Amino acid sequence: RTLFGAMPPKGQEMDDHYFGIIKPRIEGFMKDLNIEAWKLGISAKTEHNEVAPAQHELAPIYNSNNVATDHNQLLMETMRRVARRHGLKCLLHEKPFAGINGSGKHNNWSMVTNEGKNLLDPGKTPHENQQFLLILASIIAAVDKHADLLRMSASTPGNDHRLGANEAPPAIISIFLGEELNDVINALVAGTNVEAKHAQFDIGVTSLPKFPKDTTDRNRTSPFAFTGNKFEFRSVGSSLNISGPNIVLNTIVAEELEQFADELEKADDFKKALKELLVKTIKEHSRVIFNGNGYDAAWVKEATEVRGLPELKSTVDALPHFLDEKNVKVFTKHKVFTEVEMHSRTEILLENYSKTINIEALTTAEMATKEILPAVMAYEKQVCDVLLSKKNAGVAYNLEQSIANKIDSLAESLNSKIAELDSAIVKAQGISDVYEAAKCYHDEVFATMQSLRAVADELETIVGEKYWSFPTYEELLFNV
C-alpha cells in the first residue's frame, strides 16, 4: 500500500469511473484473466468497474466451500500474474490509497443438502417455511453469540484501514434481514399473521409487466446481510484467505443447530416445541438484527451502549477474543481446533500483525529520511536562492519568504516525526510479549506513522513536482 500520497484534485467524487465503460487496457487484462481462470476450472460471471479509480470487481461462481476457497486463492495469484503481463500491478491490499475507497471480499455463504436443496431459500411464503425459519434462527443466534469470532476472522493489518470507513461495513457485527423477513420474525414473536410481501417495480407503462423488486440490502453498510437465498459476509478483506471466516461461520452455526436438535428431538409435540424455540431464540438474539444505516454515528452509540454489541475496532482488539472461554469451548467441542492450536494461531496472527506494521514503519522512516526530506531541502534551497537574489537586488521577496517559512516549519516537523517513529519502532521491537508488542505497534508505531504521513503529504502539495521522488496519486490512479 502507499505509505505516503496526497489526494489528487479529483478523486472518485464524480462517479465517472464507477459508471463509465471499462478501459480497453483493462478489458484486455480481464479477457486474459478469464482464459487463465477457465484453464484452472474457475468460472466467473461478473467483471466491472468499482467505485474507486482503477478499481474493479470479479465474482467467481459459487461452489462448495473447499473448492471455492481453493478457487479464491488461485484467482488472487492468477490476477497478479496476468496483471504483470499487461504492465499492471494488481493490488490486493484492502486500502492501497488513503482517502480512496478500499477493496474487500463479499463472502456469500449458504447451506445446501447433499441433494442440492438450499436451506436458506425462503420460498414464496417464508412465514410458512418452518425449516427455513429454523435455519435462520440458528444463524441469528450464532452471529449474536459469536460476533467477536466473526470480527476476528476478518482481522488483518490491511483490513484495519478499511473496516468502519465509509466504503465498508462497520467494525460492529450486525445482521440485515430486509423488510420482508423482518416482518416475518416480528409476527412470529408477536403471534400474529403476516402476508409475505413481494414488492414490485411499477414502471408506469401498462403494456409492460411489473417485475419483482429486490428487498435485500444493496447499500453495503451491513457486515452480514441476507441477500435472497444466502448471507453475505462483507467484512472480509481483499487479501484474506476465505477459509478462516468460513470455518467460523460453519462452526458457530453447527453449534446452534446441534443445540436446537437436542431440544427438539426430545419434544412430545414437535410443532409446538419448534414454535416456542423460534420465538425464544429470536427474542433473545434480536439485538444483533439491524436494518438501518451502519455508517450512522447514532447506530454505533445504540449498538454499543443500548444493545451491548461488541465494537472491536482493530486486529489487536479482535484477535485475543479467539481465546475467550466460550470460543475455545465451541471449537474444541466440534474438534475443529484443539486449545493448543487456538493459542498457536492467536500468537502467529499477533506476530504477523507486528511484523507487518514493523516493515511498513521501517519503510516509512526510510522513505521520509532518504527521499522526502532531501527533496524538501532541495526545493527549499531553490526558494531561498530566489529569495536571496531578490533581496540583494532590492526587490520584494514576501512570497518567497512565506513559502520558505512554511516549508521550513513543515520540514522541522517532518524530521521530528521521523525521530518519534524511530523511537516507537525501537520500543515495540523490545517487547517480548506478543500481545503487548502488537498493542504497541498499533497504539504508538502506527499512530506515529499516520502523523508523519500527514506532514509529508502536506509537503507534497507545496514542493515543486520535479523535486518529488515518488509518483503522485494522480499518476497511479488515472494513468491506467
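In this text the structure is predicted, and so the values were computed from the model without any measurement.
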Donor-acceptor contact present, side-chain R1 to main-chain L91, <3.5 Å:
no
Salt bridge (charged side-chain N to carboxylate O under 4.0 Å, His left out) against D408, all qualifying residues, sequence neighbours excluded:
none
Between the main-chain N or O of S469 and the side-chain N or O of E371, is there a donor-acceptor pair closer than 3.5 Å?
no
If only atom types and distance count, is the side chain of T69 paired as donor or acceptor with the main-chain N or O of I242 below 3.5 Å?
no
So, do M449 and L3 sit near enough that their side-chain heavy atoms are less than 4.5 Å apart?
yes
Please name all residues satisfying salt bridge (charged side-chain N to carboxylate O under 4.0 Å, His left out) with E47, sequence neighbours left out, ordered by chain then number.
none
Cut-off 3.5 Å, no hydrogens considered: what does the side-chain donor-acceptor table look like for residues 347-357, sequence neighbours left out?
| unit_1 | atom_1 | unit_2 | atom_2 | d |
| --- | --- | --- | --- | --- |
| S354 | OG | L350 | O | 3.3 |
| S354 | OG | A438 | N | 3.4 |
| T356 | OG1 | N352 | O | 2.8 |

Heavy-atom neighbours of K89 NZ exceed 12 at 6.0 Å:
no
Is there side-chain contact between M76 and Q73, with heavy atoms separated by less than 4.5 Å?
yes
State, with a plain yes or no, whether a side-chain heavy atom of V253 is found less than 4.5 Å away from one of F231.
no
Side chains of F322 and F337, heavy atoms from C-beta outward: is any pair under 4.5 Å?
yes
Spell out, as yes or no, whether a donor-acceptor pair under 3.5 Å connects the side chain of N49 to the backbone of G20.
yes
Residues two or more places apart in sequence or in another chain: which of them pass side chain to side chain donor-acceptor pair (under 3.5 Å) with S153?
none
Partner residues of H321 under the ring pair (Phe, Tyr, Trp, His ring centres under 6.0 Å) criterion, sequence neighbours left out:
none
Taking the side chain as every heavy atom from C-beta outward, state whether L476 and T2 have any atom pair closer than 4.5 Å.
yes
Got a sec: does the NZ of K301 have more than 12 other heavy atoms crowding it under 6.0 Å?
no
Would F4 and L452 count as a side chain to side chain contact (heavy atoms under 4.5 Å, CB included) here? Give the steps.
CA-CA 9 Å; F4 297 99; L452 189 159; 3.4 Å; yes
Measure the spacing between OG1 of T461 and CG of L410 and express it to the nearest 0.5 Å.
8.5 Å
Quick check: does any side chain N or O of E474 sit under 3.5 Å from a backbone N or O of T472, one acting as donor and the other as acceptor?
no
Tell me, please, which residues at least two apart from H17 pass side chain to side chain donor-acceptor pair (under 3.5 Å).
none
d(L136 CG, I282 CD1) to nearest 0.5 Å is 6.5 Å
Give every donor-acceptor pair under 3.5 Å between a side-chain atom in residues 139-150 and any protein atom, sequence neighbours left out.
| unit_1 | atom_1 | unit_2 | atom_2 | d |
| --- | --- | --- | --- | --- |
| D144 | OD1 | R287 | NE | 2.7 |
| D144 | OD1 | R287 | NH2 | 3.1 |
| D144 | OD2 | H285 | ND1 | 2.7 |
| D144 | OD2 | R287 | NE | 3.4 |
| K145 | NZ | E256 | OE1 | 3.3 |
| K145 | NZ | E256 | OE2 | 3.1 |
| H146 | ND1 | N327 | OD1 | 3.0 |
| D148 | OD1 | K326 | NZ | 3.0 |
| D148 | OD2 | K326 | NZ | 3.1 |
| D148 | OD2 | N327 | ND2 | 3.2 |

Are S64 and N66 linked by a side-chain donor-acceptor pair shorter than 3.5 Å?
no
Crowded around F470 CZ? As in, over 12 foreign heavy atoms under 6.0 Å?
yes
Does any non-hydrogen side-chain atom of T304 lie less than 4.5 Å from one of L309?
no
Would you kindly say whether D317 and S314 are connected by a side-chain donor-acceptor distance under 3.5 Å?
yes
Counting only heavy atoms not in K105, do more than 12 sit closer than 6.0 Å to its NZ atom?
yes
Looking at side-chain heavy atoms only, is the closest gap between S451 and T448 below 4.5 Å?
yes
Is the backbone N or O of V248 less than 3.5 Å from a side-chain atom of T251, with the two atoms forming a donor-acceptor pair by type?
no
Is K280 paired with E284 through a side-chain N to carboxylate O contact shorter than 4.0 Å?
yes
Where at least one partner belongs to residues 413-428, residue pairs that pass side-chain hydrogen bond (donor to acceptor under 3.5 Å, both in side chains), sequence neighbours excluded:
K427-E444
Starting at OG1 of T364, measure out to CD1 of I372 and round the result to the nearest 0.5 Å.
8.5 Å
Is the side chain of R162 donor-acceptor paired with the backbone N or O of E94 at a distance under 3.5 Å, no angle test?
no
Mind checking the OH-CD spacing from Y18 to Q12? Nearest 0.5 Å is all I need.
10.5 Å
Answer yes or no: does atom CD of E325 have more than 12 heavy-atom neighbours from other residues, nucleotides or ligands under 6.0 Å?
no
Side chains of Q55 and N101: do they bring a donor and an acceptor to under 3.5 Å?
no
Nearest 0.5 Å, please: how far is OG in S239 from NE2 in H93?
7.0 Å
Holding to side chain to side chain contact (heavy atoms under 4.5 Å, CB included), I want the full list of residues that pass it with E366, two or more places apart in sequence or in another chain.
K370
Looking at residues at least two apart in the chain, or sitting in another chain, which of them share a side chain to side chain donor-acceptor pair (under 3.5 Å) with T315?
D160
Test your reading of the model: is there a side-chain donor-acceptor pair from D457 to the backbone of G5, 3.5 Å cut-off?
yes
Sequence-distant partners of Q131, side chain to side chain donor-acceptor pair (under 3.5 Å), two or more places apart:
none
Would a distance-only check, ignoring hydrogens and angles, find a side-chain to backbone donor-acceptor pair under 3.5 Å from N291 to L177?
yes
With a 3.5 Å distance limit and no angle check, can you tell me whether N107 reaches the backbone of N246 through a side-chain donor-acceptor pair?
no
Is F331 close to I247 at the side-chain level, that is, under 4.5 Å between some pair of heavy atoms?
yes
Could you go through the side chain to side chain contact (heavy atoms under 4.5 Å, CB included) check for R307 and I172 one step at a time?
CA-CA 11 Å; R307 301 194 184 198; I172 301 168; over 6 Å; no
Can K406 and S409 be counted as having a side-chain donor-acceptor contact under 3.5 angstrom?
no
Just to verify, what does Y473 make a ring pair (Phe, Tyr, Trp, His ring centres under 6.0 Å) with, not counting sequence neighbours?
F97
How many angstroms lie between atom CD of E263 and atom CD of E276, to the nearest 0.5 angstrom?
8.5 Å
Side-chain donor-acceptor contact under 3.5 Å, N65 with W109:
no
